[in-house]
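Accompanying notes for the structure given below.
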2 protein chains.
Amino acid sequence: MRPYSDALQRLRDAGLRPTRQRLALARLLFSGEENRHVTAEDVHAEAQAAGTPVALATVYNTLNQFTDAGLLREIVVEPGRTYFDTNIDDHHHFFIESESELIDVPAESLSVSEMPELPDGTEIRRVDIVVRLKDRDAAAS
Amino acid sequence: MRPYSDALQRLRDAGLRPTRQRLALARLLFSGEENRHVTAEDVHAEAQAAGTPVALATVYNTLNQFTDAGLLREIVVEPGRTYFDTNIDDHHHFFIESESELIDVPAESLSVSEMPELPDGTEIRRVDIVVRLKDRDAAAS
DNA sequence: ATACTTGCAAATCGTTTGCAATACC
DNA sequence: GGTATTGCAAACGATTTGCAAGTAT
């Protein structure tokens with residue numbers, strides 16, 4: 001449970017003006033549970049529920065700002081839906097397709113054996129591994 | 001260079017009625033270059049250019065049918081844009097973010113070391129590895 | 001005081017769908 | 001002929017943007 005002042009500090013450190021809305025969202029995202037995978041809709045709903053109404057557009061803008069500032073990480077696993085991960089450390093994901101659920105996998109337990117030669121003039125920014133899971137008993141479609 | 005009749009056979013084998021449009025798109029996708037990464041827009045534009053006008057909606061529907069039939073594979077790397085890969089073998093990708101370009105990486109040259117325990121009742125459907133690249137000389141944003 | 005933020009609604013983008021017209025077997 | 005497929009436009013869901021009003025420093 002990180003305290004309120006941490007959210008404030010986090011924003012300051014990221015060079016983001018600590019406005020009412022940003023603080024509210026930062027507290028929602030960074031207090032409590034450690035590794036969360038949320039959509040903008042999720043965060044919007046939570047903010048409403050927490051009695052801190054924030055426009056959906058502002059949620060989108062804020063999540064993008066947090067991402068640019070390195071406080072969040074964007075995950076793309078499904079077409080047409082963006083998830084944000086509060087865990088910004090090096091790690092990977094299980095993705096349960098039937099439930100659209102993401103689960104963190106520590107980087108240590110899933111590493112790449114050997115990297116092929118990169119195209120000229122490029123360097124690695126990140127390696128994303130998504131292990132797509134299905135229910136074992138599911139009827140083959 | 002696979003011949004025309006191959007496209008026809010491919011559709012038959014997949015249980016898809018070989019209509020004019022599906023044949024046209026199958027030929028575009030499966031003749032010529034081996035491993036292509038295309039968006040629906042790309043395919044639509046190519047069809048126009050090839051003198052085989054097909055409605056964009058039909059392109060979408062057809063690409064989805066091909067994917068369901070196992071002729072194509074869907075790749076999700078960018079929010080809000082779906083790529084289709086004509087290479088359906090086990091493999092992974094480089095993704096050059098500055099150009100939105102995908103490059104195939106053979107499965108052998110990039111394998112996962114050790115798989116953590118899966119959540120209960122699930123099994124692996126696929127492992128997707130995306131190595132995100134940036135230009136080496138690019139100014140840090 | 002002034003620049004940065006927010007809210008809201010409208011705009012946009014990629015993709016899907018409904019339905020009448022058309023093509024395949 | 002009967003069913004699957006197409007085209008088109010309209011519907012859609014997620015995300016972004018423009019601008020007037022509000023707020024942090």
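Naming: A, B, ... by sequence-line order, numbering from 1 per chain.
B/Leu25 places its CG atom 14 Å from the P atom of D/dT5, with the value rounded to the nearest Å. The separation between A/Leu23 atom CG and C/dT6 atom C1' is 14 Å, rounded to whole Å. Whole-Å rounding puts the B/Glu78 CD to D/dA14 C1' distance at 15 Å. In this entry the distance linking CZ of A/Arg22 with P of D/dT23 reads 15 Å, nearest Å.
Donor-acceptor pairing under 3.5 Å is recorded for the side chains of B/Thr39 and B/Asp42. Using modelled atom types and a 3.5 Å distance limit, the side chains of A/Gln9 and A/Asp13 yield a donor-acceptor pair.
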Decide yes or no on salt bridge (Lys or Arg N to Asp or Glu O under 4.0 Å) for A/Arg132 and A/Glu97, but give the supporting numbers first. CA-CA 7 Å; A/Arg132 292 175 190 275; A/Glu97 309 197 311; 3.3 Å; yes

Hey, mind stepping through A/Asp85 and A/Leu72 against side chain to side chain contact (heavy atoms under 4.5 Å, CB included) and telling me if it holds? CA-CA 6 Å; A/Asp85 192 340; A/Leu72 288 176; over 6 Å; no

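A distance-only check finds no donor-acceptor pair linking the side chain of B/His93 to the backbone of B/Val105 [under 3.5 Å].
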Sugar-phosphate means primed atoms, P, OP1 and OP2; the rest is base. With that split, encode nucleotides 10-25 of chain C 5' to 3' as B, S or - using protein heavy atoms under 4.0 Å. ----SBBB------BS

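At least one cation-pi condition fails for B/Arg73 and B/Phe84: the charged atom is not both under 6.0 angstrom from the six-membered ring centre and inside a 45 degree cone around its axis.
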